[in-house]
Amino acid sequence: MAMNTGFPNIDEASVLPALREAREKLNGTECEVVLDFSSVRRVGQDALKAIEELASVAGKKNVRVVLRGVNVEVYKVLKLMHLTGRVVFVN
């Protein structure tokens, strides 16, 4: 049975640990993993790398990565890093 794995609201201080935890918990039984970015105002280089790694692992396991509540500034950075095509955005 396919499941959704959700993580509580992530703030800037917890974005990197939450991304790493999400990557480690992917086992292929989920259909998607949902991360709430509504409290994240900026992402650093380490977080970008973690998002890329999460998207890669999820892609290999046919799991969708869903980012909820991404603000425009964070979206622009993800776009510049060519990550917007590897994740799904919802409000």
Side-chain angles (χ1 to χ4, degrees):
M1 175 186 231
M3 308 174 10
N4 295 343
T5 301
F7 287 83
N9 193 312
I10 300 169
D11 60 17
E12 289 181 32
S14 65
V15 70
L16 192 55
L19 290 167
R20 288 181 178 154
E21 180 183 352
R23 186 186 72 226
E24 290 169 4
K25 287 186 174 182
L26 287 179
N27 61 19
T29 61
E30 303 91 354
C31 62
E32 64 184 26
V33 60
V34 180
L35 300 162
D36 187 348
F37 267 53
S38 59
S39 295
V40 177
R41 299 290 165 238
R42 5 182 307 196
V43 290
Q45 184 176 3
D46 290 339
L48 289 170
K49 185 175 179 179
I51 292 169
E52 182 176 22
E53 290 171 356
L54 175 61
S56 292
V57 171
K60 291 175 185 173
K61 296 183 178 195
N62 292 322
V63 176
R64 261 184 359 163
V65 176
V66 179
L67 302 181
R68 181 176 38 212
V70 174
N71 74 34
V72 174
E73 307 308 322
V74 171
Y75 179 83
K76 287 179 182 179
V77 172
L78 295 173
K79 180 89 170 162
L80 286 171
M81 299 307 296
H82 305 287
L83 292 172
T84 54
R86 301 177 69 189
V87 297
V88 176
F89 298 92
V90 295
N91 286 333

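Positions are given from 1, in the same order as the sequence printed here. Just so it is clear, the values below take in all heavy atoms, side chains as well, and ignore hydrogens, waters and symmetry mates.
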Counterpart residues, side-chain hydrogen bond (donor to acceptor under 3.5 Å, both in side chains), relative to [X] (two or more places apart):
| X | value |
| --- | --- |
| Asn91 | none |
| Asp11 | Ser14 |
| Thr84 | none |

Does anything in residues 39-58 form a side-chain hydrogen bond (donor to acceptor under 3.5 Å, both in side chains)? List the pairs, not counting sequence neighbours. Asn9-Ser39, Arg23-Glu53, Ser56-Arg86
Looking at Leu35 and Ala22, what are the two nearest heavy atoms and their distance? CD2-CB, 4.3 Å
Shortest non-hydrogen contact from Asn71 to Val74? OD1-N, 2.7 Å
Quick check: do Asp36 and Ile10 have side-chain heavy atoms less than 4.5 Å from each other? no
Residue pairs, two or more places apart or on separate chains, that pass ring pair (Phe, Tyr, Trp, His ring centres under 6.0 Å) and touch [range]:
| range | value |
| --- | --- |
| residues 23-70 | none |
| residues 40-63 | none |
| residues 9-29 | none |
| residues 51-81 | Tyr75-Phe89 |

Same cluster or not: are [X] and [Y] linked, directly or through other Ile, Leu, Val, Met, Phe, Trp or Tyr residues, by side-chain heavy atoms under 4.5 angstrom apart?
| X | Y | result |
| --- | --- | --- |
| Met81 | Val57 | yes |
| Leu48 | Leu19 | yes |
| Val77 | Ile51 | yes |

Show, in sequence, the C-alpha distance, side-chain angles and deciding distance for Leu54 and Val87, and conclude whether the side chain to side chain contact (heavy atoms under 4.5 Å, CB included) test is met. CA-CA 10 Å; Leu54 175 61; Val87 297; over 6 Å; no
For the [atom1] atom of [X] and the [atom2] atom of [Y], what is their distance to the nearest 0.5 Å?
| X | Y | atom1 | atom2 | result |
| --- | --- | --- | --- | --- |
| Glu21 | Leu26 | CD | CG | 11.0 Å |
| Asn62 | Arg64 | CG | CZ | 12.0 Å |
| Glu73 | Lys76 | CD | NZ | 5.0 Å |

Tell me which one of Val34, Leu78, Val33 satisfies side chain to side chain contact (heavy atoms under 4.5 Å, CB included) with Leu67. Leu78
